[in-house]
Amino acid sequence: MRAQVGPVFYVSIALSVLFVLWGSLFTANLSEVFTGALNFVISSFGWLYMLAVTAFLAFTLFLACSRYGQIRLGKDSDRPEFSTVGWIAMLFAAGVGLSFLFWGVAEPASHFATPPFGMAEASSVDAAQLSMQYTFFHWGLHPWAVYAVLAMAIAYFNFRWDRGNLISATLYPLLGDRVDGPIGKVVDILGIVAVLFGVATALGLGALQLNGGLSYVFGVPVRDGVQLVIIAVLTVAFLISAATGLKRGIYYLSQLNMGLALVLALFILAVGPTAFLFDVFTQSLGQYLWELPRMSFFLSVWEDSTWAENWTLFYWAWWVSWAPFVGAFIARISKGRTIREFVFGVLIVPSIVSFLWFTIFGGSAIFLSLNGGANIAETAVDNLPKALFDTLAAFPLGEVTAVLALVLVTIFFITSADSATFVLGSMSTNGDPDPAGPIKIIWGVVVAMFASVLLLAGGLSALQTATITAAVPLVIVMIGVCVALMKALSSEVRAEPGPVGPASARPRAPVADPGPGAASREAHEESDRPPPTDQ
């Protein structure tokens, strides 16, 4: 039976409409308020972002390497629904692939021109090393750990204990039946708001990138009006994709895009400075792992520097704001995998892919800047979206690869928005595993309007500001999710001595202290065995 829309849907839509009206009618005021909020959040909660994201990484690695890693995200008899290759391809469909295209050249080139914390001379060899090191840091283990924490918790409580595909369900061991009341509704609404800002940021970046590419290839002017038209056209496209369902639209488009992205990356690797790029990857990986502990806690607190605010804190907040979206989507496609398999699949493989992608494109851009082939670093400072196309133009078949990049951005835009409508539809209808078409269409339009409003409110700066400020409450929720998941896993292991995970094992459900109005202890005991699920 299809889930019914309720308070979460109506309240979330109402808040969304108010925000869109605010941004449309009082754009300058929206920008001013967000700037003030950003200053407050950075001065008061920058430390929280740094500590929390690093703790998420440590937590996921601990679970994977412990005996908890044998527990399956589902019933003991469940097995993965998608092939490993298809599963990994779909991980990038949920927005990250779109960001790869935007930041693949732009971030390393920017760090090369303006080294992190001023720790090197601009455009020097030391700046080149730092640029790759910090790019790996921003796109490696930390962000994927943020996704893994929430995705793992949602999948565990949904598929193993039938608690539903909601963020509030992951807090059951702490709140008991109160997760089904007002507290749980507030948590789910916070998740939806964070998703809206995070996804709008990604789609806004995609519109900027497409406008830059169309300007480079076809001479289309770079302006707000063009970007709004891009968002409108692609909104229609991703709504058509959303109508085809998860197993067709997103699944096939994500595999197509991964194939095209692989072709583009291998081509640049082949015609570019191949040996140099392999050297860059090897040295940067070692430097990243060596400096990882220091970078994980460094905020330049004794210096007047906004670098961490503009880069690291923005990214950490962005990953957190994406976590409900990407986490719910990854949870949906990960049923049947063990925690160990899940963590290494979500944490290690995507990180390596990220390192390779940024090495090929960012390393090539820096090589061109160092050897006089093209001043990509200067382009990145003045025009971030154009940096990718200037890099492609410096190699053979530049116009062909530029068109291919445009196709990639377009399909990634569609799959990202398609995934977002699916997740928002599910989150706002009590975890419906197959949200109704009209619900997804409503959320698709809302996401497009959010991206448009933020672009009009200040472009890239407004996108970054909105993300950082919207993610603070969700950080606190995610810390609670980690505590709840640990409590549930510990309870399961204590209930089943010996190896965890064989088909014969039937662990006890995690039971929290019942709140007001909770069922009796006898009812909890009778419900220890999860009921059959038709998912």
Side-chain angles (χ1 to χ4, degrees), residues 92 96-113 123 128 131-132 135 139 205-223 226-227 229-230 233-234 256-281 284 353-414 460:
F92 292 92
V96 183
L98 182 59
S99 302
F100 273 17
L101 268 297
F102 186 91
W103 294 110
V105 169
E107 179 168 353
S110 296
H111 297 341
F112 180 64
S123 302
S131 71
M132 296 307 301
T135 299
W139 293 87
L205 293 177
L208 290 172
Q209 184 73 79
L210 276 172
N211 195 177
L214 291 171
S215 174
Y216 173 81
V217 178
F218 302 109
V220 176
V222 177
R223 59 181 60 161
V226 174
Q227 292 153 20
V229 170
I230 289 172
V233 171
L234 292 184
L256 170 63
N257 230 23
M258 285 299 291
L260 294 176
L262 181 62
V263 169
L264 180 61
L266 291 178
F267 177 78
I268 297 300
L269 179 63
V271 302
T274 308
F276 171 80
L277 294 178
F278 279 116
D279 290 341
V280 168
F281 174 80
S284 299
V353 172
S354 302
F355 298 156
L356 289 170
W357 181 271
F358 282 93
T359 295
I360 292 171
F361 290 93
S364 295
I366 292 174
F367 177 86
L368 293 170
S369 298
L370 285 173
N371 293 278
N375 196 346
I376 308 300
E378 183 177 322
T379 302
V381 172
D382 298 330
N383 190 342
L384 281 174
K386 190 170 179 285
L388 169 64
F389 297 98
D390 279 3
T391 301
L392 297 176
F395 296 108
L397 302 178
E399 292 186 357
V400 175
T401 55
V403 172
L404 178 58
L406 282 174
V407 173
L408 279 167
V409 174
T410 301
I411 301 179
F412 270 131
F413 190 110
I414 292 171
L460 179 60

Distance (rounded to the nearest 0.5 Å) between Leu388 CG and Gln209 CD: 5.0 Å
Close side-chain approach of Val400 and Leu404, heavy atoms under 4.5 Å: no
Note, Ile230 side chain near Leu214 side chain (heavy atom, < 4.5 Å): yes
Side-chain donor or acceptor of Asn371 paired with backbone N/O of Phe367 under 3.5 Å: yes
Validation row: Phe389, Leu406 side chains within 4.5 angstrom (heavy atoms): yes
Step-by-step side chain to side chain contact (heavy atoms under 4.5 Å, CB included) determination, Leu264 to Leu392: CA-CA 10 Å; Leu264 180 61; Leu392 297 176; 4.3 Å; yes
Between CD1 on residue Ile360 and OG1 on residue Thr274, distance to nearest 0.5 Å: 9.5 Å
Contact list for residues 357-371, test salt bridge (Lys or Arg N to Asp or Glu O under 4.0 Å), sequence neighbours left out: none
Close side-chain approach of Leu210 to Gln227, heavy-atom, < 4.5 Å: no
Aromatic ring proximity Trp139/Phe100, centre distance under 6.0 Å: yes
Student check: side-chain heavy atoms of Leu356 and Leu269 closer than 4.5 Å: no
Residue pair Leu262, Trp357: steps toward the side chain to side chain contact (heavy atoms under 4.5 Å, CB included) verdict: CA-CA 9 Å; Leu262 181 62; Trp357 181 271; over 6 Å; no
Backbone N/O of Pro221 and side chain of Asn211: donor-acceptor pair under 3.5 Å: yes
Exercise: identify the closest heavy-atom pair between Ser131 and Ile366: OG-CD1, 3.1 Å
Minimum heavy-atom distance between Leu370 and Ser123, given as atom pair plus value: CD2-O, 4.0 Å
Any pair counted as salt bridge (Lys or Arg N to Asp or Glu O under 4.0 Å), so long as it reaches residues 387-409, sequence neighbours left out: Lys386-Asp390
Any donor-acceptor pair under 3.5 Å from Ser364 side chain to Phe361 backbone: no
Under 3.5 Å donor-acceptor, Thr359 side chain and Leu277 backbone: no
Candidate pair Leu208 and Leu384, rule side chain to side chain contact (heavy atoms under 4.5 Å, CB included), full reasoning: CA-CA 9 Å; Leu208 290 172; Leu384 281 174; over 6 Å; no
Closest approach of Met132 to Ser284 (non-hydrogen atoms, all atoms of both residues): CB-OG, 3.3 Å
Listed partners of Val271 passing side chain to side chain contact (heavy atoms under 4.5 Å, CB included), at least two apart: Phe267, Phe395, Pro396
Closest heavy-atom pair and its distance - Tyr216, Ala402: CE2-CB, 3.9 Å
Non-hydrogen atoms of Pro385 and Phe102 that approach each other most closely: CG-CE1, 3.8 Å
Distance (rounded to the nearest 0.5 Å) between Leu256 CG and Leu260 CG: 4.5 Å
Verdict with reasoning, Ser369 to Phe112, per side chain to side chain contact (heavy atoms under 4.5 Å, CB included): CA-CA 9 Å; Ser369 298; Phe112 180 64; 3.6 Å; yes
Closest non-hydrogen atom pair between Gly206 and Val409, with its separation: O-CG1, 3.8 Å
